[in-house]
Enquirer: 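I'd like to ask some things about the structure below.
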Amino acid sequence: MKAKATLKQIAKELNVSVSTVSKALNDSPEISESTKIKIKEYAKLKNYKPNVIGLNLKNRKTKTIGVIIPNILNSFFAKVFSGIEKVADEKGYNVIMCISNESLEKEAHTLEMLSNGTIDGFILSVSEEAQKLHEYNHFKEIINDGTPIVMFDRIADGVECDKVIVDDFDSALNSTQHLINLGCKNIALFSSVDNLSVGKLRAEGYLKALENNNIPVNENLIIRTDSEAHLKDKIKAVFDNNKIDGIFALDENDSVAALKIGLKKGYKIPKELSIIGFADGILASRRLSPSLTTVSQHGIEIGEVAAKLLIDRLESKEEDLPYETVVIKTKLKERESTRKL
């Protein structure tokens with residue numbers, strides 16, 4: 001028995017979109033007669049049979065949103081999810097959450113699995129592996145297939161969809177400027193997220209603040225990695241071999257490590273060393289002594305805005321609703337780890 005072809009296989013072979021194949025097979029007036037004939041003949045040749053159950057599911061609104069987050073242990077993503085769930089519940093939508101674990105393969109598989117009629121649309125933050133490889137075709141295919149996506153925090157610039165981001169560059173610039181205003185002259189940068197779009201933008205903001213204040217860049221004070229594995233050893237080396245009076249850490253784990261190692265090395269914080277960390281989890285704000293001054297990303301608000309964008313698109317009668325990119329402003333929350341030198 002010949003294996004049945006799928007819409008995706010036919011589209012790939014004929015170098016057209018999945019929606020074009022679907023419309024041609026359903027005699028849509030949007031498709032030319034010659035294209036219809038070509039697609040129908042090829043579908044017949046390849047033993048294509050429409051999945052009636054699948055079509056019924058696709059045409060029926062499930063009132064369910066799929067959420068894909070990269071990391072369940074990150075408190076920021078937990079806050080975003082709570083914001084999504086709040087708005088979804090108010091609008092009568094259910095939410096299915098999946099975790100990519102920073103894997104491109106798992107991310108793509110989840111998109112394909114849930115886009116078969118299980119959900120109406122996706123809200124997601126791009127996996128580390130996808131950003132590292134600049135591989136975003138799996139998002140484009142889902143969108144071309146008619147399932148809308150809203151990206152938040154980590155986004156793919158080449159993918160046309162609604163997006164919710166924070167002002168990473170400006171936040172980093174302002175945070176570094178705050179350290180400079182406190183009297184810091186030797187400010188270290190610690191990052192284990194340099195392969196992510198947000199990590200790059202934050203590092204650029206730090207460098208711009210130094211440039212604005214005519215402070216020479218000291219590469220010995222800058223750690224930019226894509227892994228937490230060796231970060232602590234590198235932080236210890238910075239403390240051992242340099243004189244520092246300020247630290248800007250680009251991720252919650254980076255800032256916690258900086259604070260703990262700084263204290264172990266005998267620094268009085270904030271009397272001799274001021275520290276600002278990006279992200280505002282419970283660990284940074286409540287469980288450390290001294291408590292960390294942090295850049296708050298307003299995760300709940302990001303989730304609420306993302307859910308509203310998706311539901312508005314799902315319920316809009318406009319076919320060509322323009323895509324939006326919403327920028328959420330961060331806030332510097334001053335605590336015990338910073339003070340004027």
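In this text, all values refer to a predicted model and were calculated from it rather than measured experimentally.
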Enquirer: Consider side chain to side chain donor-acceptor pair (under 3.5 Å). Of E334, E252, R335, which one does T294 pass it with?
Expert: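 When side chain to side chain donor-acceptor pair (under 3.5 Å) is applied between T294 and each of E334, E252, R335, only R335 qualifies.
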Enquirer: Would you tell me whether T225 and D194 have side-chain atoms, one donor and one acceptor, within less than 3.5 Å of each other?
Expert: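 Distance-only check fails for T225 and D194.
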Enquirer: Looking at OH of Y323 and CG of L309, how far apart are the two atoms once the value is rounded to the nearest 0.5 Å?
Expert: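 With rounding to 0.5 Å, OH (Y323) is 12.0 Å from CG (L309).
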Enquirer: Quick check: does any side chain N or O of E336 sit under 3.5 Å from a backbone N or O of S291, one acting as donor and the other as acceptor?
Expert: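 At least one qualifying donor-acceptor pair exists.
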Enquirer: Less than 4.5 Å apart, any side-chain heavy atom of C98 and any of L114?
Expert: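 A side-chain contact exists here, since the closest heavy-atom pair is under 4.5 Å.
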Enquirer: Could you report the tightest heavy-atom contact between A130 and V126, atom names first, then the distance?
Expert: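 Closest approach of A130 to V126: CB-CG1, 3.7 Å.
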Enquirer: Looking at D153 and I165, what are the two nearest heavy atoms and their distance?
Expert: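 Shortest heavy-atom separation between D153 and I165 comes out as O-CG2, 4.1 Å.
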Enquirer: Any Lys/Arg nitrogen of E41 or K44 sitting under 4.0 Å from an Asp/Glu carboxylate oxygen of the other?
Expert: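 Answer for the salt bridge query: no.
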Enquirer: If I compare all heavy atoms of I187 with all of D245, which pair ends up nearest, and what's the gap?
Expert: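 That would be N-OD1, 4.2 Å.
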Enquirer: Hey, could you give me the CG/CG distance between L332 and N174, rounded to the nearest 0.5 Å?
Expert: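 Nearest 0.5 Å value for the CG-CG distance: 8.5 Å.
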Enquirer: When you group the ILVMFWY residues by side-chain heavy-atom contacts below 4.5 Å and let the links chain together, are V80 and V326 in the same group?
Expert: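 Yes, V326 connects to V80 through the hydrophobic network.
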Enquirer: Does S115 use its side chain to pair, donor to acceptor, with the backbone of E112 at less than 3.5 Å?
Expert: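 Yes, S115 side chain to E112 backbone: donor-acceptor pair under 3.5 Å.
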Enquirer: Between K132 and E129, does any side-chain N to carboxylate O distance fall below 4.0 Å?
Expert: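 Between E129 and K132 there is no salt bridge, as every charged N stays at least 4.0 Å from the carboxylate O atoms.
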Enquirer: Please answer whether the main-chain N or O of S28 pairs with a side-chain N or O of N26 as donor and acceptor at a distance below 3.5 Å.
Expert: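 Not a single qualifying donor-acceptor pair exists.
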Enquirer: From I328 CD1 over to E301 CD, what is the distance, rounded to the nearest 0.5 angstrom?
Expert: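 Reported value, rounded in 0.5 Å steps: 4.0 Å.
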Enquirer: Tell me whether E102 is salt-bridged to R154, with the criterion being a basic N under 4.0 Å from an acidic carboxylate O.
Expert: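 Judged by the 4.0 Å cut-off on N to carboxylate O distance, E102 and R154 do form a salt bridge.
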Enquirer: Could you walk me through whether L104 and E107 pass the side chain to side chain contact (heavy atoms under 4.5 Å, CB included) test, one step at a time?
Expert: CA-CA 5 Å; L104 168 61; E107 184 175 69; 4.3 Å; yes
Enquirer: Return the minimal non-hydrogen interatomic distance between S197 and I155, and the atom names on each side.
Expert: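 Result for this residue pair: OG-N, 3.9 Å.
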Enquirer: Any idea how F77 and F152 line up, ring-wise: parallel (<30°), tilted (30 to 60°), or perpendicular (>60°)?
Expert: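 It falls in the perpendicular class, over 60°.
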Enquirer: Say whether, by atom type as modelled, one donor and one acceptor occur between the side chain of D254 and the main chain of S192 under 3.5 angstrom.
Expert: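 Yes.
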Enquirer: Look up atom CD1 in I123 and atom CE in M97, then write down how far apart they are to the nearest 0.5 Å.
Expert: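 Taking CD1 in I123 and CE in M97, the distance rounds to 12.5 Å.
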Enquirer: Of all heavy-atom pairs between D162 and P322, which one has the smallest distance, and what is that distance?
Expert: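 Scanning both residues completely, I find the closest heavy atoms to be OD1-O, 4.3 Å.
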Enquirer: Hey, is K91 close enough to D312 for a salt bridge, meaning N to O under 4.0 Å?
Expert: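 Here K91 does not pair with D312 in a salt bridge, since their nearest N and O are not under 4.0 Å apart.
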Enquirer: Does a donor on one side chain and an acceptor on the other come within less than 3.5 Å for R202 and S171?
Expert: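 There is no such pair (donor and acceptor under 3.5 Å, judged by atom type) between the side chains of R202 and S171.
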Enquirer: Do P270 and S337 have side chains that approach each other closer than 4.5 Å (heavy atoms only, starting at C-beta)?
Expert: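 They are not in contact (no side-chain heavy atoms under 4.5 Å apart), so the answer is no.
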Enquirer: Could you check whether K200 pairs with D168 (Lys NZ or Arg NE/NH1/NH2 to Asp/Glu carboxylate O, under 4.0 Å)?
Expert: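 A salt bridge is absent here (no side-chain N lies under 4.0 Å from a carboxylate O).
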Enquirer: Using a strict threshold of under 4.0 Å (side-chain N to carboxylate O), is an ion pair present between E90 and K86?
Expert: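 A salt bridge is present here (some side-chain N lies under 4.0 Å from a carboxylate O).
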Enquirer: Under 3.5 Å, is there a donor on one side chain and an acceptor on the other for S19 and S17?
Expert: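 Side-chain D/A pair, S19 to S17: present.
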Enquirer: How far does CG of N186 sit from CG of L221, to the nearest 0.5 angstrom?
Expert: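 Answer for the CG-CG pair, N186 versus L221, is 6.5 Å.
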Enquirer: Can you confirm whether I143 sits close enough to V159 that some side-chain heavy atom of one is under 4.5 Å from a side-chain heavy atom of the other?
Expert: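 In short, these two side chains touch, coming nearer than 4.5 Å.
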Enquirer: Please give me the minimum heavy-atom distance between G303 and I84, naming the atom from each residue.
Expert: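 Closest heavy-atom pair between G303 and I84: O-CG1, 3.4 Å.
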